[in-house]
Amino acid sequence: MNKFDHKQNEQKWTQKWSETGVYDTPEIKDADAEKMYILDMFPYPSGAGLHVGHVEGYTATDILSRYNRMKGKHVMHPMGWDAFGLPSENYAIKTGIAPRINTDTAIETFTKQMNAVGLSYDWKREIGSHTEEYYKWTQWFFLFLYKKGLAYKKEAPVNWCESCKTSLANEQVIDGKCERCDNEVMQKNMNQWFFKITDYADRLIDGLKKVDWPESTKINQTNWIGRSEGAEVEFQIKNEELKVKIFTTRLDTIFGATFMVISPEHSLIKEITTNEYKHAVENYQNNAKKMTELERTSQKEKTGVFTGSYAVNPYNGKEIPIWVGDFVIATYGTGALMAVPAHDDRDFEFATKFGLNIIPVIDNGIEKLPSHEYGKLINSDEYNGLSSHDAFEKMITKAEKESFGNRKVNYKLRDWLVSRQRYWGCPIPVVYDPEGKPHLVEEKDLPVILPDDVEFLPTGESPLKYHKEFHRRVEEKYGKGWSPEVDTMDTFVDSSWYFLRFADTNNEKEFASKEKMDKWAPVDVYVGGAEHTVLHLMYSRFFTKVLFDNGFVNFDEPFMKLRHQGMILGEDSRKMSKRWGNVINPLDVVDQLGADTLRMYEMFMGPFDQMKPWSTTTIQGVRRFIDRVWNIITGENFIIADKDSIQKVEIELNKLIKKIGEDIEAFKFNTAVSEFMKFINFIEDQKMTKDQVNRFLLTIAPFAPFVAEELWFNINKFDGEFTKSNSIHSQKWPSFDSNLVQDLTVVIGVQINGKVRGEIEINIDDSDEVVKDKAITNENVAKWLESKEIKKFIYVKGKIVNIVI
RNA sequence: GCCGCGGUGGUGGAAUGGUAUACACGACGGACUUAAAAUCCGUUGCCUAAUAAGCUUGAGGGUUCGACUCCCUCCCGCGGCACCA
C-alpha cells in the first residue's frame, strides 16, 4: 500500500496557496454579496507555541471558512495576536530578553505552525495588539469612553500580592491566592482607572436574547451580572437623628426582622456605637481589616458584635438591635441588612449563635426553619393572609408614599478596573499636572508610545515609573512638573475591540471605517475556549453597545453565533501539563502523521464542545483512512470513463454531500468524519467516474485540504500549472439531487409489543395494507403471531411497524 | 449551598419518540512473511453450544403501541458562581 507523502505535499501546497493568494478576503463590490465573518479568539502568542487545543478550534473555523467560500459567500477569516500580557513580562524579568523581542519570536513561530496545519487565514489582515498602529486606537477608545463619561478614576481596594509586590487582576486570584506565588492576596486601596460597565448591566442581560450562544454561557454572564430586584428601606436609629438604609429582596418578611447587621466598613458605625460597646466594635473592625479575603470568607462560624444601638422597623415600630458582622459585604447593596432568621440561612445561623429572636412570618407549608419559599404572611399585622407577592406590593406602596423606602435593583457586577501596574501593556493616555490632576492626552498626539528599553527593577512597581525618557517626553510637551500615567491598561481592553479592526486593518484615521464595519461586522461565527464565558465576551459586548449608542456601528451585539471547543485532555484523561508529562505537541503530529490526519482526528475525537482525551492509537486509524483515500483514488482502473456513471455510487455520493454540508453547519464535525469513513468503506469495491471523484474531493477538501488538493491537481492536470482559480479551494461546493438522497426501498423493523422480531424490505410508497401483509407473512414475525389476536397495527411511514397482540 | 452540563460496549463515541451500540480504536482468529512490522479478510454489548430465548443506555418509578430521547424522585461526575441580603 502506498502512503500519502504528507511532508512533501504539505510544504509544496502551503507555498503555492500563499503565493497565489487563495485565501485572500475578497473585496465586496457587489452590495448583495453575502458576507461571512468567521473568527477565532485571537491567541496570546506564548513561547510554548501552538497546542492541540488551539488546533481544535482553529480547524473547526477553518472547515467552516473553506465550506462557506465554496458556497460562494464572501468570507473573512483573519488571525491576530493578543500580544500584551504578563507572561512575556515575567519571562523578561527572568531572562532579560525584552518582551517585544520574545513576543515577536513567538508570533513568528505561531504563524509557521498555523500554516503547517493548513489553516486558511488571510494573513494580509494580521494584527497585533502590541503594535503602535493598533494600540493607538486602544488609547483612542480610552479617551472616547472618558469623554462619554464612562471612564473615571477613583481610590478603590485592589487585589495585592505582598510577595510579588504587584496588584493582580481578579482572574489572577485563584481561591484567594496569588496564581504565581500562592501567597494569600490582600486588599489594598489604590487610585485606579475604571470603565463604567455597570451602566450597561441591564442591556448586557437583555442583549443575550438575540444571540446564538451556548445556553450555559448566557447563564454564566447573567449570573455574573447578578441582577436582583428588591427594595431599599430606611430604619430610624432609636434616640438619634440618623437612619440606616438596608437592601432586601424579601420585603414581605420585614415583620420577621429581629436584628440588623452592618458591615465592619460601614460609615455609620462610629456614630451609632455606644460607649459601652466602643472598644469591642473597634477591635472587631481592626480584626476584619487585617484578614485577607480568603480568611474572611472561609470562616466556619459567623462572627459579630453588638453596637449598643437599636433600629426602628418602619412597619411596626419595633426596635431591633444593630450588630456588626463581617459576613455583610460593604460593597453590595447598602452594606447593611435586616436579618430575618426565620427565612434566611445566614441570619438563622447568626441568630442561633447569639441568641437572637426568631419570628416566622411566612406560612409556606414548611415546618423546619429557616424556610425560603414564598407563601402567605403571618405575624405581620394588617398584611396577614396576603401572598408574598401581594404583601411586597402593598408594603412598597406604603414605603414610597411615606418616603422611607423605594424599589431598587442591585447588581453583583462591578465597574471594570483597567489600571495595571505593569509594563507590557497599552499605556494609558493620561498626563498629570503638577497638582496631580489628570488630563487626557490629545487625540492628535496618540499613540503614547511604550518604550522598549525599560529596566525591570525588583520592586515590582511599574517599570515605566523609572523610565526617564517616558517622563521627559511629557515635561517637554506640557511643562515642568507634569508627569505621565505609568500604569498600563488591562489586556482585556486590547481584546474588546480587535474584531472590528479586522474589517479595516490599515486605517490610519479611524479604528475602522464605518463603511467597512457595516460590510463585515458583526462576527457571524466566533469560536474560542469556554474560559472566556464572562470577561472577554462581556467586555466586548460593552464596547460594542457604547459604539452603537454613539453611531459608530449599526449593531449592538458583536458575536452573533458563538461556540466553545471542549478541552483536549492528555492520554491519561488528565489536563495536559508538563507536570504529568502528557502534553501532545501538534507539530510533532504534523511531522509524523501529517496535517490532514491531525485535523481530521481532532474533529473525529468527539462532540466539538466536549472535553475529550487524546488517543495515540485512534489517530493512527485516521491516518489509515487518509492513506485509503489516497490509495483508492490513485489505484489503477479505479476511475472509469464518464459515460458509465454508476447509479449506486451516485446515490451514496449525493447522500454524503448533503450530510457533510448539514454536519458542518451544525458543528457536528465528528459525525462528518465518520460519514467520510463509511463512504470510503462503501466505495472500496466500486468504481467512480472522474466527475464523481472530483465531487468527493470537493466535499473532503475543507477537512483534508492537502490530500484533496494533490489528488484534485493530479486528476485534473490543468496543463501542470497551478493557479488560484484552479485550486480545489476556489471551487464551488457540489450540489446534491434531493431525489437521489431519498431511498426508494428501505428495510424496517417489525416489532411485536415493542420488541423487534423481524425485518422487512418495503417500498417507501407502499400502502399500509401492503406493509401489513409483508409484516405478518414474514417468517420470523409469523411464528410470534400464531393463534394470537392482533389488537392494533401501527405503521410509521418508512420507519417501523409495531403489532400489538 | 445555588445555577448549568453530562452519565450509552473493554475505550472515544453514534442515534434527541421509531430496528440502541453507527464510525473508529483495542482485543481475538485468519491470510501474506523465514520472522516481525505494515497491509488485507473475519469475529467482537452481556449471557449462551447457538445466527434460539433472555437481558442491556447511572438507579427507581411514570407517560406511550413504542423511551438513550419526554415527565418525577434519587445517585455519581464535571464546569461556573459563591456569606450578594
Side-chain angles (χ1 to χ4, degrees), chain A residues 1-3 214-224 226-228 230-231 246-250 253 257 260-261 263 296-299 302 325-329 331-340 343-347 349-350 372 410-413 530-531 533-534 564 566-567 573 600-601 604-607 609-622 624-625 627-628 631 668 670-681 684 746-760 780 783 791-805:
Chain A
M1 183 167 166
N2 296 315
K3 283 182 171 286
E215 211 50 41
S216 59
T217 302
K218 291 188 187 184
I219 287 165
N220 276 169
Q221 287 213 2
T222 308
N223 290 346
W224 183 268
R227 179 190 158 99
S228 59
I246 59 99
F247 172 72
T248 181
T249 55
R250 291 299 298 273
T253 65
M260 185 180 274
V261 191
S263 75
R296 208 164 138 169
T297 53
S298 61
Q299 291 178 99
K302 295 271 171 293
D326 65 5
F327 77 89
V328 180
I329 296 162
T331 50
Y332 183 76
T334 61
L337 58 86
M338 66 173 201
V340 184
H343 304 293
D344 180 277
D345 290 339
R346 291 171 319 244
D347 299 350
E349 202 189 321
F350 197 89
H372 320 273
N410 263 323
Y411 303 91
K412 288 188 205 171
L413 182 70
E531 67 274 19
T533 54
V534 177
H564 303 296
M567 192 189 290
S573 289
M600 284 197 106
Y601 169 64
F604 184 57
M605 289 174 83
D609 58 356
Q610 231 167 70
M611 220 187 249
K612 48 225 168 231
W614 188 267
S615 163
T616 43
T617 50
T618 305
I619 194 171
Q620 298 293 338
V622 177
R624 266 199 288 271
F625 162 77
D627 282 334
R628 284 172 74 203
N631 266 291
K668 288 167 76 173
N670 55 330
T671 51
V673 175
S674 77
E675 290 304 321
F676 284 122
M677 290 172 170
K678 279 186 213 173
F679 184 78
I680 285 297
N681 289 343
E684 216 154 18
V746 283
V747 175
I748 63 167
V750 179
Q751 297 180 328
I752 291 169
N753 289 347
K755 281 197 193 309
V756 179
R757 297 299 182 185
E759 45 186 42
I760 53 172
N780 293 325
K783 71 182 178 199
K791 286 191 187 148
K792 203 168 174 185
F793 180 87
I794 297 152
Y795 168 53
V796 181
K797 197 174 176 190
K799 295 258 168 88
I800 197 123
V801 167
N802 193 12
I803 301 167
V804 186
I805 56 172

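Letters A, B, ... are given to chains in the order of the sequence lines, protein chains preceding strands, and every chain is numbered from 1. Note: hydrogens, waters and symmetry copies are ignored here, and every other heavy atom, side chains too, is used. The structure displayed is predicted, hence computed values, not measured ones.
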- Task: Could you please name the option among B/C65, B/A24, B/A85 that lies closest to any side-chain atom of A/Lys792?
- Result: B/C65

- Over-ring placement of A/Lys302 relative to A/Phe327, 6.0 Å and 45° cut-offs: yes

- Task: Could you tell me the separation between the CZ atom of A/Phe679 and the P atom of B/A22, rounded to a whole number of Å?
- Result: 21 Å

- So what does A/Thr618 touch, heavy atoms closer than 4.0 Å: a base, only the sugar-phosphate, or nothing? sugar-phosphate

- Query: Taking OP1 and OP2 of B/A22, is either one under 4.0 Å from a side-chain nitrogen or oxygen of A/Asn681?
  - Reply: no

- Note on the structure: If pairing means Watson-Crick or G-U wobble with both distances under 3.5 Å, then the partner of B/G60 is B/C72

- Report which part of the nucleic acid A/Pro214 touches: base, sugar-phosphate, or nothing (heavy-atom distance under 4.0 Å, all strands). nothing

- Message: Looking at A/Arg757, I'd like to know whether one of its side-chain N or O atoms comes within less than 4.0 Å of OP1 or OP2 on B/G54.
- Response: yes

- Message: Is A/Lys755 close enough to B/C55 that one of its side-chain N or O atoms is under 4.0 Å from OP1 or OP2 there?
- Response: yes

- Using whole Å, report how far CG of A/Asp609 lies from P of B/G79. 15 Å

- Message: Let's test your reading of the model: under 3.5 Å, does the base of B/C65 pair with the side chain of A/Lys791 as donor and acceptor?
- Response: no

- Separation of B/C3 P from A/Glu215 CD (nearest whole Å): 15 Å

- Message: Counting the atoms with a prime plus P, OP1 and OP2 as sugar-phosphate, which does A/Val673 contact under 4.0 Å by heavy atoms, base, sugar-phosphate, or nothing?
- Response: nothing

- Using a cut-off of 4.0 Å on non-hydrogen atoms, how would the nucleic acid contact of A/Arg227 be classed: base, sugar-phosphate, or nothing? nothing

- Does B/C23 pair with anything, Watson-Crick or G-U wobble, both distances under 3.5 Å, and if so, with which nucleotide? B/G12

- Base, sugar-phosphate alone, or nothing: which one does A/Ile329 contact when heavy atoms must sit under 4.0 Å apart? base

- P gap between B/G7 and B/G62, integer Å: 23 Å

- What heavy-atom pair brings A/Met260 and A/Leu337 nearest, and what distance separates the two atoms? CG-O, 3.1 Å

- Task: Sticking with atom P, work out how far B/G18 lies from B/C71, rounded to a whole angstrom.
- Result: 16 Å

- With a 4.0 Å cut-off on heavy atoms, is A/Lys668 in touch with a base, just the backbone sugar-phosphate, or nothing at all? sugar-phosphate

- Would you say B/G12 has OP1 or OP2 under 4.0 Å from some side-chain N or O of A/Lys612? no

- d(CE, A/Met600; P, B/C23) in whole Å: 16 Å

- Query: When all nucleic acid strands are considered with a 4.0 Å heavy-atom cut-off, which category describes A/Val747: base, sugar-phosphate, or nothing?
  - Reply: base

- Any side-chain N or O of A/Ser216 under 4.0 Å from OP1/OP2 of B/C3? no

- Note on the structure: Rounded to whole Å, NZ of A/Lys412 lies from P of B/C81 at a distance of 11 Å

- N or O in side chain of A/Arg624 less than 4.0 angstrom from B/U39 OP1/OP2: yes

- Message: Under 3.5 Å for both donor-acceptor distances, Watson-Crick or wobble: does B/U48 have a partner, and if so which one?
- Response: none

- Span that lies between the P atom of B/U69 and that of B/G9, in whole angstrom: 15 Å

- Item | Between C1' of B/G4 and CD1 of A/Ile219, the distance in whole Å | 6 Å

- Which of B/C65, B/A53, B/G13 is nearest the side chain of A/Gln610? It is B/G13

- Just checking A/Val796: base, sugar-phosphate only, or nothing, at a heavy-atom cut-off of under 4.0 Å? base

- Task: Indicate, with a heavy-atom threshold strictly under 4.0 Å, whether A/Gly621 touches base, sugar-phosphate, or nothing.
- Result: sugar-phosphate

- Is A/Thr617 touching bases, backbone alone, or none of the nucleic acid, heavy atoms closer than 4.0 Å? sugar-phosphate

- Message: For B/A82, give the paired nucleotide (Watson-Crick: N1-N3 plus N6-O4 or O6-N4; G-U: N1-O2 and O6-N3; both under 3.5 Å), or none.
- Response: none

- Query: What does A/Ser228 touch in the nucleic acid at a heavy-atom separation under 4.0 angstrom: a base, only the sugar-phosphate, or nothing?
  - Reply: sugar-phosphate

- Gap between atoms CD1 and P, on A/Ile680 and B/C40 respectively (whole Å): 12 Å

- Under 4.0 angstrom, heavy atoms only, what part of the nucleic acid is A/Asp344 near: base, sugar-phosphate, or nothing? nothing

- Message: On the nucleotide B/A14, are OP1 or OP2 found under 4.0 Å from the side-chain N or O atoms that A/Asn670 carries?
- Response: yes

- Interatomic distance at P, B/U39 relative to B/A24, whole Å: 14 Å

- Message: Taking syn as a glycosidic torsion within 90° of 0 and anything else as anti, which one is B/G9?
- Response: syn

- Task: Using a 4.0 Å heavy-atom cut-off across all strands, classify A/Phe604 as base, sugar-phosphate, or nothing.
- Result: base

